[in-house]
Amino acid sequence: MSEPSKEKSGEGSGAKSETKPKKQWKNPALRAMGIPRFSLPSRNWLIFWSVLASIGGGIAYDKYEQSKIRTKYMEMVQPLSQEQYSIGRVPRKLTIFIAPPPNDFLDASLKLFRKYIKPVLNSAALDFDIFSESRQGDIRATVAQQIRDLRLAKLEQQRLSQQEPEPEKSTSSWKKVATGIPKILPKKTDETEPEVLVPRSELYSPKDVLGLYHIMGSRTPVYDDQIDPATAGGVICIGRGAYKEYMTGVHEGLLGPLEKPQFLIDEELKIEQEKEQERLDKIAQAKEEGRDPEPEPVPLEDEDAPKPVVKPYIKPEDYANAELAPELNMNEIVMTEKNIPAIFEQPLYVYPVPNLLGFTKIPWKIYRYYTKRYLADDFGERALNVIENKARPFEYKDVFQAKEEELDWPKKWVQSGIEKNSEWVQELQVDDRVTTRMRVFDINSKNN
């Protein structure tokens with residue numbers, strides 16, 4: 001009985017060891033061409049690779065179109081950079097103010113400038129100065145102070161012209177030759193007297209130490225902005241906030257006083273008194289509780305630390321009652337010491353900064369991310385008009401330049417700005433006496 005059972009078990013083990021041949025999924029046509037077994041991936045893999053290819057293809061296509069558009073505008077202005085400049089000739093210079101978008105960093109605005117505007121300006125061989133703010137009010141204070149300095153310089157010229165000119169003192173020839181010798185400071189008579197450090201630029205200039213100037217004579221640079229004041233320079237504001245601060249700074253510089261007004265001095269004094277009273281209250285509270293008052297932190301003396309932003313010297317509601325820069329001759333174009341039109345005499349334009357924040361704006365952010373080629377085309381066309389210097393007189397509608405940017409501003413940030421009386425959320429108020437002197441780049445003009 002045991003032997004037949006062993007045979008059965010052996011036959012069963014042998015049957016299990018046999019493997020069935022795999023089913024060949026081959027197309028007769030592929031087999032005739034010698035192509036090995038081929039099968040499509042599964043449904044999940046097809047979905048994954050389709051989505052990945054769509055995302056990557058969309059990004060690659062958009063970047064390719066951006067490069068084409070940028071190259072197109074760069075080639076359109078490239079002939080300007082091939083013009084030969086003589087020694088001492090300085091090209092046209094723009095002034096660019098860049099502000100960060102609300103509740104975001106400055107890199108967002110700088111990225112737009114470097115990617116879509118700067119390449120076109122460089123291809124046209126235009127020079128430019130950039131001023132970027134890190135705090136609200138920096139641009140406004142800088143523009144206002146620049147205009148006040150111009151008014152003070154004109155006032156000093158008027159004062160000197162009314163005085164009798166002093167007779168020129170004769171200078172020996174050897175002193176004229178030895179202009180390169182630096183001035184020697186007098187020795188200190190009192191050892192306790194602090195040492196006085198004088199900047200090197202006050203001791204001598206590069207012309208004094210370079211012998212080439214004594215052989216060929218000094219050369220005064222000739223600026224392209226001096227040729228035609230009507231087409232000189234230009235001002236670009238990147239961001240609606242930068243534009244508001246620039247316009248407010250121009251009005252403050254032309255309509256405000258030259259010295260800090262009394263109401264600002266009183267406000268600063270009041271703030272200092274409140275801080276002192278708060279300090280005394282903390283000391284009194286600590287004594288009542290029977291504990292020693294906390295030691296006050298010693299302020300670190302840092303020369304590189306930014307100073308507080310200077311508050312406006314004049315309020316918008318006082319524009320109508322203020323006098324328009326009596327030190328300047330407003331019957332003609334106001335020129336600086338370099339014989340270049342003042343900053344408020346140069347044409348102006350504003351670039352909006354599209355920047356969406358918030359979870360609910362994610363669909364629009366995705367759409368804008370995949371369609372940046374339209375932004376590149378728009379900014380390139382604007383830069384082309386700025387380079388070609390197509391300007392027109394300022395109109396009231398120009399107060400609303402880049403107004404569409406405010407639609408992207410976070411609502412919570414706007415509400416907080418209203419509570420803090422921020423300059424950006426206030427309506428821009430202008431005075432006709434100032435705006436009638438200003439010009440703007442006509443971006444709506446058609447390119448030939």
Side-chain angles (χ1 to χ4, degrees), residues 70 73-98 113-114 116-132 139 142-143 146-147 149-150 153-154 157 205-207 210 212-213 216-238 242 246 250 253 328-351 379-394 398 437-443 445 447-448:
R70 185 163 50 245
Y73 287 107
M74 291 172 64
E75 291 177 350
M76 292 175 67
V77 299
Q78 193 172 8
L80 298 175
S81 64
Q82 296 175 353
E83 182 181 355
Q84 293 184 357
Y85 272 54
S86 59
I87 299 176
R89 182 181 172 186
V90 181
R92 174 184 165 206
K93 176 178 285 189
L94 303 174
T95 304
I96 302 176
F97 296 100
I98 305 178
F113 170 72
R114 297 191 187 109
Y116 305 119
I117 305 174
K118 184 179 178 181
V120 185
L121 298 180
N122 288 339
S123 297
L126 286 186
D127 192 9
F128 51 84
D129 287 336
I130 298 178
F131 181 87
S132 58
I139 293 177
T142 300
V143 174
Q146 184 176 346
I147 298 176
D149 292 341
L150 178 62
K154 296 292 183 181
Q157 291 179 2
S205 65
K207 295 181 180 180
L210 292 178
L212 185 63
Y213 285 97
M216 301 180 61
S218 61
R219 292 179 178 269
T220 303
V222 179
Y223 296 87
D224 283 359
D225 296 331
Q226 297 175 346
I227 300 175
D228 186 6
T231 60
V235 178
I236 296 177
C237 297
I238 299 181
Y246 172 79
V250 170
L328 305 178
N329 184 9
M330 291 300 180
N331 296 324
E332 58 185 18
I333 297 178
V334 180
M335 311 294 284
T336 64
E337 57 181 6
K338 294 182 178 180
N339 201 24
I340 296 174
I343 188 171
F344 57 87
E345 301 280 10
Q346 300 178 16
L348 166 70
Y349 187 69
V350 189
Y351 280 86
F379 276 30
E381 185 177 359
R382 296 168 189 255
L384 182 63
N385 284 271
V386 171
I387 293 170
E388 294 179 352
N389 218 344
K390 299 178 180 180
R392 59 171 174 78
F394 189 96
D398 297 317
R437 304 190 59 85
M438 302 180 67
R439 292 175 297 122
V440 296
F441 290 108
D442 191 8
I443 304 300
S445 60
N447 298 324
N448 297 328

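What you see is a predicted model; the values in this text were computed from it and never measured.
Two residues are said to be in side-chain contact when any heavy atoms from C-beta on lie closer than 4.5 Å; I96 and L121 meet this criterion. Considering only heavy atoms from C-beta on, L384 comes within 4.5 Å of V77 through its side chain. Between T95 and F131, every side-chain heavy-atom pair lies at or beyond the 4.5 Å cut-off. V334 is not listed as a side-chain neighbour of N329, based on a closest heavy-atom distance of 4.5 Å or more. Side chains of F128 and I236 form no contact here, defined as non-hydrogen atoms less than 4.5 Å apart. Residues N389 and F441 have side chains in contact (heavy-atom distance under 4.5 Å, counting atoms from C-beta outward). Contact annotation: the side chain of V386 never approaches that of L126 to less than 4.5 Å [non-hydrogen atoms, C-beta and beyond]. Looking at heavy atoms from C-beta onward, F344 lies out of side-chain contact with V143 at the 4.5 angstrom threshold.
Counting non-hydrogen atoms of neighbouring residues, nucleotides and ligands closer than 6.0 angstrom, the CD atom of Q82 exceeds 12 such neighbours.
Here the CG-CG distance, from L150 to L328, works out to 5.5 Å after rounding to the nearest 0.5 Å. With rounding to the nearest 0.5 angstrom, the CD1 atom of I117 is 7.5 Å from the CD1 atom of I98. To the nearest 0.5 angstrom, D225 atom CG is 10.5 Å from K338 atom NZ. To the nearest 0.5 Å, atom CE of residue M76 and atom CD of residue E388 are 6.5 Å apart. Here the straight-line distance linking atom CE of M438 with atom CG of D398 works out to 9.0 Å at 0.5 Å rounding. The CZ atom of R89 lies 10.5 Å from the CD atom of Q84; values are rounded to the nearest 0.5 Å.
Listed for the R439 side chain is a donor-acceptor partner under 3.5 Å among the backbone atoms of E345. At least one donor-acceptor pair under 3.5 Å links the side chain of S81 to the backbone N or O of S123. Under the 3.5 Å distance criterion, the side-chain polar atoms of Y351 are matched with a main-chain donor or acceptor of A383. Not one N or O on the side chain of Q146 forms a donor-acceptor pair closer than 3.5 Å with the backbone of A342. A distance-only check finds a donor-acceptor pair linking the side chain of R92 to the backbone of G233 [under 3.5 Å].
Across all their heavy atoms, P229 and M335 have their closest contact at CG-CE, 4.4 Å. Looking at every heavy atom in both residues, P341 comes nearest to I333 through CB-CG2, 4.1 Å. The minimum heavy-atom distance linking I139 with A242 is given by the pair CD1-CB, 3.8 Å.
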Side chain to side chain contact (heavy atoms under 4.5 Å, CB included), that's the test. Do L348 and Y246 meet it? Break it down for me. CA-CA 10 Å; L348 166 70; Y246 172 79; 3.9 Å; yes
Could you walk me through whether Y223 and N339 pass side chain to side chain contact (heavy atoms under 4.5 Å, CB included), step by step? CA-CA 9 Å; Y223 296 87; N339 201 24; over 6 Å; no
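Between D129 and K93 there is a salt bridge, with a side-chain nitrogen of the basic residue lying less than 4.0 Å from a carboxylate oxygen of the acidic one.
Applying the side-chain hydrogen bond (donor to acceptor under 3.5 Å, both in side chains) criterion to R70, with sequence neighbours excluded, gives no partner residue.
With no hydrogens or angles considered, a side-chain donor-acceptor pair links Y85 and D224 at under 3.5 Å.
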